[in-house]
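If you read the sequence from its start, that first residue is 1, and numbering goes on from there.
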Amino acid sequence: MTKIIGLTGGIGSGKTTVANHFRSLGIPVYIADEEARKIMQSSEVLDSIKEAFGDTVFENETLDRGRLAEVVFGNSDKLIVLNAIVHPAVKKHFKEWVLEHAGFPLVVYEAAILFESGNYKDFDWIITVTAPKESRIQRVMERDGVTREQVLKRINAQWSDEQRFPKSDFIIENIDSEIVKSKTEEILKILKIKQNES
Ligand code: ATP
């Protein structure tokens with residue numbers, strides 16, 4: 001049976017970078033945020049969003065993700081409502097994706113909020129990517145063209161590494177790109193052995 005590796009870490013830690021290493025090593029990768037973005041365009045999800053949040057988060061029948069983010073950010077009740085619409089849809093889509101990849105012994109599911117969503121219980125192993133806070137801030141500012149304050153807000157809204165580490169099977173420290181690559185290969189070797197043993 002296909003084993004699922006959960007890959008997580010705070011904003012700007014380098015999850016997608018590690019996910020791409022796994023991909024280059026032949027492991028199918030599901031990037032939850034990317035898939036969620038696509039799923040949010042499905043008519044089923046759009047209808048539920050309209051029902052819950054009204055027309056104000058739409059611009060000419062198109063979902064205005066920025067406005068929706070403004071509505072839910074800092075309002076935990078509204079965030080719960082949005083998550084209750086989007087998370088089950090992503091979960092269902094991921095289940096189908098795993099079945100489509102049944103021929104692969106290992107697959108990776110990458111998500112920023114693996115622990116926060118409670119999803120972490122669904123995985124066979126969890127890898128957390130970490131990097132010094134200052135590097136994360138600089139990398140995200142550069143990548144997204146956002147301010148330091150905006151990055152800090154997002155960091156503070158997520159779990160800390162101290163919360164993530166005890167629930168992780170492996171930790172990848174992302175400072176030097178080459179070391180990250182070899183660490184990814186090393187973990188993959190271990191997991192292939194574990195998969196063969198199971
Ligand atoms: P997010 O949670 O925002 O999706 P992420 O954890 O997936 O972030 P990445 O997108 O992989 O993080 O990395 C953040 C940025 O930092 C990217 O622009 C990436 O190219 C860059 N980056 C990643 N690792 C390193 C590194 N070791 N040295 C320099 N830059 C890096």
Side-chain angles (χ1 to χ4, degrees), residues 4 6-20 28-101 107-123 126 128-129 133 136-161 163-164 167:
I4 306 167
L7 177 64
T8 191
I11 178 170
S13 57
K15 294 176 294 297
T16 306
T17 307
V18 172
N20 286 333
V29 172
Y30 187 94
I31 309 269
D33 284 354
E34 249 173 45
E35 299 299 334
R37 225 167 286 149
K38 287 185 224 159
I39 289 165
M40 279 175 82
Q41 299 308 327
S42 71
S43 55
E44 209 182 324
V45 171
L46 288 175
D47 287 348
S48 304
I49 290 176
K50 195 172 258 183
E51 202 175 306
F53 297 97
D55 286 331
T56 55
V57 296
F58 286 82
E59 182 75 49
N60 301 326
E61 293 304 304
T62 303
L63 179 66
D64 187 329
R65 288 175 53 87
R67 220 177 284 166
L68 182 62
E70 269 170 35
V71 171
V72 298
F73 194 82
N75 184 326
S76 54
D77 287 347
K78 289 195 171 161
L79 186 59
I80 288 169
V81 171
L82 180 62
N83 286 343
I85 296 169
V86 179
H87 287 176
V90 175
K91 207 168 181 170
K92 180 168 167 263
H93 182 256
F94 177 62
K95 255 191 183 165
E96 290 161 3
W97 183 89
V98 171
L99 289 176
E100 282 164 22
H101 292 82
V107 297
V108 167
Y109 177 98
E110 187 248 86
I113 54 158
L114 205 73
F115 294 118
E116 293 89 328
S117 65
N119 260 1
Y120 68 95
K121 298 181 191 104
D122 298 341
F123 303 105
I126 293 179
T128 291
V129 184
K133 191 172 175 181
R136 292 168 57 197
I137 295 169
Q138 293 303 328
R139 287 173 191 169
V140 176
M141 283 172 66
E142 202 167 301
R143 186 193 61 189
D144 299 345
V146 291
T147 65
R148 182 182 186 83
E149 286 63 38
Q150 283 170 310
V151 185
L152 279 171
K153 239 186 195 175
R154 306 240 334 245
I155 287 180
N156 293 333
Q158 296 179 334
W159 273 30
S160 66
D161 278 348
Q163 291 169 292
R164 291 185 190 106
K167 290 187 158 54

Scanning both residues in full, the closest heavy-atom pair of Gly9 with Thr128 reads CA-CG2, 4.3 Å
Looking only at non-hydrogen atoms, find the nearest pair between Glu110 and Thr16 and report the distance.
OE2-OG1, 2.9 Å
Does anything in residues 70-81 pair up under side-chain hydrogen bond (donor to acceptor under 3.5 Å, both in side chains), and if so which pairs, sequence neighbours excluded?
none
Phe123 and its ring-ring contact (aromatic ring centres under 6.0 Å, His included) partner, picked from Phe115, Tyr109, Tyr30:
Tyr109
SB check Asp161 Arg164 (cutoff 4.0 Å):
yes
Would you call Glu142-Arg139 a salt bridge at under 4.0 Å N-O?
no
Within 6.0 Å of [atom1] in [X], more than 12 heavy atoms from elsewhere:
X	atom1	answer
Arg154	CZ	no
Lys91	NZ	no
Glu96	CD	yes

Is there a side-chain contact between [X] and [Y], using heavy atoms and a 4.5 Å cut-off?
X	Y	answer
Asp122	Ile4	no
Ile137	Ile155	yes
Glu35	Phe94	no
Lys133	Leu152	yes
Arg136	Val151	no
Leu68	Met40	yes
Val86	Ile39	no

With sequence neighbours excluded, tell me which residues meet side chain to side chain donor-acceptor pair (under 3.5 Å) with Gln163.
Ser160
Between the side chain of [X] and the main-chain N/O of [Y], is any donor-acceptor distance below 3.5 Å?
X	Y	value
Lys15	Gly10	yes
Gln158	Ile11	yes
Thr8	Ala111	yes

Name all residues meeting the ring-ring contact (aromatic ring centres under 6.0 Å, His included) criterion together with His101; count only those two or more places apart in sequence or in a different chain, and write none if there are none.
Trp97, Phe104
